[in-house]
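Structure, as structure tokens:
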Amino acid sequence: MSEPARFLTAISQALSTMSLYGDEHPATARSRETALERLSELQSSNPQVQFTFLAGEVLFGNETVHSLENWEWSSRLMKAGIERIEFLEPVDQDHFARFLAQLAVRLGIRPGDTTDIWQMGSSPVRFGLVTLAGNKSAEPEAALPVASLTYTLREERDTIDWMHRQIQGGGKLPIVEADAVVRSLSIAMHAEQAMMLPLLQLKEFDQYTTTHSMNVSVLAMALGEFLELGGPAVRAIGVAGLLHDLGKVCIPKDVLTKPGQLTPAERKLIQEHPVVGARMLLQNPDPMQIAAVVAYEHHVMLDGGGYPTLGNARGAQYASRLVHVCDVYDALRTNRPYRLAWESERALAYIESRAGIEFDPAIARSFIAMMRQWEGQVARVPA
Ligand SMILES: [Fe+2]
Ligand SMILES: [Fe+2]
């Protein structure tokens, strides 16, 4: 069993023991000590530890704890309003005992006042709901007072930057990390009862490929959910959205951020990014089929325009058409070296006007309906 699994199992054993015995009972003290020892082991390599609890899954940082799939405590914690537990630094016995006592109350194992907000000020332990930074409605409900955790998307952004640097250096695409970023974005989207669309706001032009990739991933997953495509398909489209412009990471920054007209050679370089990206994705030992297709086809228009020329009658695949709309929307909503960002309504009107020519009309209609319906749930997160 991995160290994170050993620690969480020790926590669940301590909580079970607490439900049988009093705080002062030797069995309680012993199980608490064991759990704290497991935590110290876990923190010995990295003092900052973070767990996220989903319905059938536990994440340690961004990685699934496989031995705890369908672990019943994960659902119990989640239902009790504990979606995340973080240890920011090594924890002493006193703080750990208080943390366990709070968990026991929250889980209904111990009687206690759940409206009594734990003074988290100096505590190295935080737990509660996963919430978005800057979102006013992120305040926990009165009945579930929790330390609200901020969600900045910084880790995800840094991971994508790192992924791009790996590829620029001739390395292989880190598939596990790409998948972890998508999963993490999906968690951010479902942090609230209503669907949230956390979209990064570009500050530096040369950050465009990173912020744009994340935004297209979020928009594509949102559209996939809006169209009720089902979990695995939505996740695959999220990965495809994240990697659609992978072919751009090797294009020099000054070409990508050039404010004026491109020379024919520069235009050729840019127009090659779908082919370059698809090739990179297909070279992987575990080829990412949908992502490669989407990378190849995301600039193909419904009428056959755009690039590259497909040379088939069926046109671009469904996933590519879906990402194409999200791609154009995010590009229009962003400040570019050659024009300012458009307002959402203007970008949607453009998509509407190009439905049936550039965009699949049914997908364009759904995207517009989704953005209008979820407009209030867009969280603009500083990059
Ligand atoms: Fe592109
Ligand atoms: Fe793009």
Side-chain angles (χ1 to χ4, degrees), residues 156-157 160-161 163-164 167-168 173 178 181-182 185 197 199-202 204-224 236-253 255-258 262 266-282 288 290-302 304-310 315-339 341-342 347-348 350-351 354 358-360 363-364 367 371 383:
E156 291 80 358
R157 189 203 61 191
I160 300 172
D161 274 343
M163 263 167 47
H164 289 168
I167 295 162
Q168 281 160 352
L173 172 74
V181 167
V182 168
L185 292 175
L197 271 68
L199 297 177
L200 280 181
Q201 234 163 354
L202 180 76
E204 314 273 345
F205 286 138
D206 63 2
Q207 273 287 310
Y208 177 69
T209 307
T210 298
T211 57
H212 173 67
S213 301
M214 272 175 74
N215 291 350
V216 171
S217 180
V218 166
L219 289 168
M221 282 196 279
L223 185 53
I237 285 169
V239 173
L242 188 74
L243 303 174
H244 77 282
D245 270 339
L246 201 64
K248 274 190 181 171
V249 302
C250 296
I251 299 178
K253 289 251 159 88
V255 176
L256 287 176
T257 58
K258 188 172 172 179
L262 298 173
E266 288 166 345
R267 176 161 299 112
K268 184 167 174 287
L269 196 61
I270 287 193
Q271 293 197 345
E272 272 169 4
H273 82 269
V275 179
V276 173
R279 199 177 293 141
M280 283 176 184
L281 290 165
L282 288 170
M288 302 178 111
I290 297 180
V293 167
V294 169
Y296 191 76
E297 296 182 338
H298 73 276
H299 284 284
V300 173
M301 298 186 188
L302 190 75
Y307 57 90
T309 306
L310 287 189
Q317 301 225 20
Y318 188 75
S320 309
R321 296 173 187 212
L322 196 149
V323 168
H324 182 52
V325 177
C326 302
D327 180 32
V328 170
Y329 177 82
D330 184 65
L332 293 174
R333 290 283 290 120
T334 308
N335 281 329
R336 303 310 318 276
Y338 43 84
R339 65 152 170 76
W342 288 11
L348 294 178
Y350 173 82
I351 289 170
R354 303 276 295 162
E358 176 170 356
F359 306 114
D360 180 310
I363 294 175
F367 184 82
M371 289 311 291

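We count ligands from 1, going down the list as the structure has it; atoms in each ligand are counted the same way. Since we're looking at a predicted model, the values are computed, not measured.
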If you round to the nearest 0.5 Å, how far is [atom2] of [Y] from [atom1] of [X]?
{"X": "L269", "Y": "K248", "atom1": "CG", "atom2": "NZ", "result": "11.0 Å"}
{"X": "I363", "Y": "S320", "atom1": "CD1", "atom2": "OG", "result": "9.5 Å"}
{"X": "M221", "Y": "I237", "atom1": "CE", "atom2": "CD1", "result": "10.0 Å"}

All heavy atoms of Y296 vs all of A278, minimum pair found to be CB-CB, 3.8 Å
Between D245 and T209: side-chain donor-acceptor atoms closer than 3.5 Å: no
Angle at the Fe ion (ligand 1): provide the value between NE2 of H273 and NE2 of H299, rounding to 10 degrees. 90°
For distances below 2.8 Å, what is the count of protein N, O or S atoms around the Fe ion (ligand 2)? 4
Sorted by chain and number, sequence neighbours left out, ring pair (Phe, Tyr, Trp, His ring centres under 6.0 Å) with H273 holds for H298, H299
